[in-house]
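Worksheet: one structure, shown below.
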Amino acid sequence: MTDSASPASTRPVKTRFAPSPTGYLHIGGARTALFAWAYARRHGGKFVLRIEDTDVERSTPEAVQAILDGMQWLGLAHDEGPYYQMQRMYRYKEVIGQMLAAGSAYHCYMSKEDLDALRAAQEARKEKPRYDGSWRPEPGRILPTPPSGVQPVVRFRNPTEGVVAWDDQVKGRVEIGNAELDDFIIARADGTPTYNFCVVVDDWDMGITHVIRGDDHVNNTPRQINLLKALGAPVPLYAHLSMILGDDGTKLSKRHGAVSVMQYDEDGYLPEAVLNYLARLGWSHGDDEIFSMAQFVEWFDLDHITSSAAQFNTEKLNWLNAHYIKQTDDARLAQEIRRRLAREGVTDTAAPDPAAIAALYKDRVQNLNELADAAHPFYVAPLPAPELLAQHLGDGAKAALADLRSRLAGAEFVSDALAKILKETLAATGLKMPQVAIPLRVVVLGQTQSPAIDRVLAVLGRDEVLRRLDRALA
RNA sequence: GUCCCUAUCGUCUAGAGGCCUAGGACAACACCCUUUCACGGUGUGAACCGGGGUUCGAAUCCCCGUGGGGACGCCA
């Protein structure tokens, strides 16, 4: 048995991102969302956000918010939803009722304890653990009498023969024998429906044509296809994305590497950089490495998704981030400087203009926090470390700085003029540029390294430069 | 244990039988630029998991190993 011809390809494209709100949006989920979003955009279709919150124990409103925040930060806007599965209970119950009536589902009274014992016995025999069908109705078969006081679960009457197959848009054709599957539970004893069932009803009701999701769902796909067929619903196309491994090649977990996308904001990454990085992680377009989301949407296809797992590489992300920071206009970077400095309690950023500082540093930093760190001494006069002073502020250097100070008093504070004055001091003292520039940097910024010192002085401004010079020479 | 997926430089990848002496990017290294450090520029080293087939020809197709991953829940 193969796919019943599904009209998926003739329906308007509709994809979905369906996270369960049991934690934040992590990098793997973000990539899945990005691909599903891009596919819908690429084909002029719709992108649905669906919150799979049927696990009442673990779902939290905070997690829902975290996912929404993450999507917003990335700029992945949905066209429909968010739908909440808990709000669709009436529909699930309706479909379960229909299936029970049609005989494609049945009540099972096996207790959890008996089920566990069954599984344990099967594992002891080195068999694949599965339900044994003891409550499955068959023609001519007499079922046991339901025990009193036991609330039954509802199981799907899975076909016992043949194979389920689909042409996975990433992995190619996948076939799984029905003999490998068992009659899985679609409604718990308390009546709440389970994952595989909700997904199927939702994908059907919402008209999902392309299911783009993580690799870990490959094993659910044959069950969902069987369910879809039992319901007479069209079977969507499936594309299973392989997982993203941590920087060290091991699986991402909450304890290890699977950080919230919002952590990237915290760490100074631009969403453009994260998006571009994610787009290239598991998908490619020839040799292209740097591209906008508009370009990505134009290029994105399922054919060029890699089928093997990819290892996350922070260094490449850093490179992209540095690139995007260079491209970003100074006004936006100034906002980022303000926001990040404020986190450290530096709120007075009136002067110098943070945009001027951004211009000075944007092509030498890898992330926004470095940019803010660079800006910090412009607002808070640094206390140069004693070692630096000892190393760089000898008598010769002090004399040179004193000479410079006297020339600076009446100078115009623009970099060209300042560069000229610096050269005058070199001529007067016979020193080389680094012999003056480095002590100057130490005194003015508390660091031995900075952009061209004339530009730094110009941005810092006369009053502040003279004040810092005087303090050091006192 | 059973089932499923997977395998090209350290990493992300190009590659759909001859265009491959395997290309690009990050990282590394070297040199250049330089007012320090970066940025930038140029260049170098670096890979088809192993074994069998198929074919005139295989990184590309098939099989078997091996490695890696996933699934086997009244979680999603």
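Proteins come first, then strands; the chains are lettered A, B, ... in the order of their sequence lines, and each starts at number 1. We use all heavy atoms of the structure for the numbers below, so side chains are in, but hydrogens, waters and symmetry mates are not.
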Quiz item: A:Arg280 side-chain donor-acceptor pair to B:U13 base, under 3.5 Å
no
Looking at B:U35, B:U13, B:C75, which one has an atom nearest to any side-chain atom of A:Ala437?
B:U35
Work out how far the C1' atom of B:C26 is from that of B:C9, and round it to whole angstrom.
12 Å
Please determine, for B:C33, whether a Watson-Crick or G-U wobble partner exists with both distances under 3.5 Å, and give it or none.
none
Residue A:Lys112, side-chain heavy atoms: nucleotide from B:A27, B:C74, B:C12 that is nearest:
B:C74
Of the listed nucleotides (B:G40, B:C74, B:A76), which one gets closest to any side-chain atom of A:Arg58?
B:A76
Testing A:Tyr39, A:Phe47, A:Tyr238 for ring-ring contact (aromatic ring centres under 6.0 Å, His included) with A:His210, which one passes?
A:Tyr39
Which base sits across from B:U54 as a Watson-Crick or G-U pair, both distances under 3.5 Å?
none
Is the phosphate of B:A76 approached by A:Arg223 (side-chain N or O, under 4.0 Å from OP1 or OP2)?
no
Going by the side-chain contact (heavy atoms from CB on, under 4.5 Å) test, name the single residue among A:Ile357, A:Leu418, A:Leu360 that passes it with A:Val456.
A:Leu360
Closer to the 5' end of RNA chain B via nearest nucleotide, is it A:Trp319 or A:Ala18?
A:Trp319
Using Watson-Crick or G-U wobble geometry with both distances under 3.5 Å, which nucleotide pairs with B:A46?
none
Check whether any side-chain N or O of A:Asp454 sits under 3.5 Å from a backbone N or O of A:Ala417 as a donor-acceptor pair, and report yes or no.
no
Can you tell me the Watson-Crick or wobble partner of B:A7, both distances under 3.5 angstrom?
B:U66
Report yes or no: is there a donor-acceptor pair, N or O only, under 3.5 Å between the side chain of A:Asn219 and the base of B:G70?
yes
Taking only N and O in the side chain of A:Thr54, is any of them less than 4.0 Å away from OP1 or OP2 of B:A76?
yes
Against the side chain of A:Arg441, the closest entry in B:U36, B:C26, B:G70 is B:U36
Checking only heavy atoms, does the side chain of A:Asp287 share a donor-acceptor pair with the base of B:G23 at less than 3.5 Å?
yes
Nearest to side-chain heavy atoms of A:Ser284, which nucleotide of B:A71, B:A14, B:C26
B:A14
Test side-chain contact (heavy atoms from CB on, under 4.5 Å) applied to A:Val164 and A:Val174, A:Val235, A:Thr221, A:Asn178, the passing residue
A:Asn178
P-based separation of B:G51 from B:U60 [nearest Å]
12 Å
For A:Ala452, which contact category applies under a 4.0 Å heavy-atom criterion: base, sugar-phosphate, or nothing?
base
In terms of side-chain heavy atoms of A:Ile453, which of B:C5, B:U35, B:A25 is nearest?
B:U35
Between the side-chain atoms of A:Asp288 and the base atoms of B:A25, is any donor-acceptor pair under 3.5 Å?
no
Closest-nucleotide mapping onto RNA chain B: is A:Asp454 or A:Glu127 further toward the 5' terminus? I mean the 5' end.
A:Glu127
For B:A71, which nucleotide in any strand shown is its Watson-Crick or wobble partner with both distances under 3.5 Å?
B:U2
Atom P, compared across B:G23 and B:A59: separation rounded to whole Å:
14 Å
Would you call the rings of A:Phe312 and A:Tyr277 parallel, tilted or perpendicular if under 30° counts as parallel and over 60° as perpendicular?
perpendicular
Kindly assign one of parallel, tilted or perpendicular to the pair A:Phe296 and A:Phe35, based on the angle between their ring planes and the thresholds 30° and 60°.
tilted
Please determine if a side-chain N or O atom of A:Arg119 lies less than 4.0 Å away from the OP1 or OP2 oxygen of B:G73.
yes
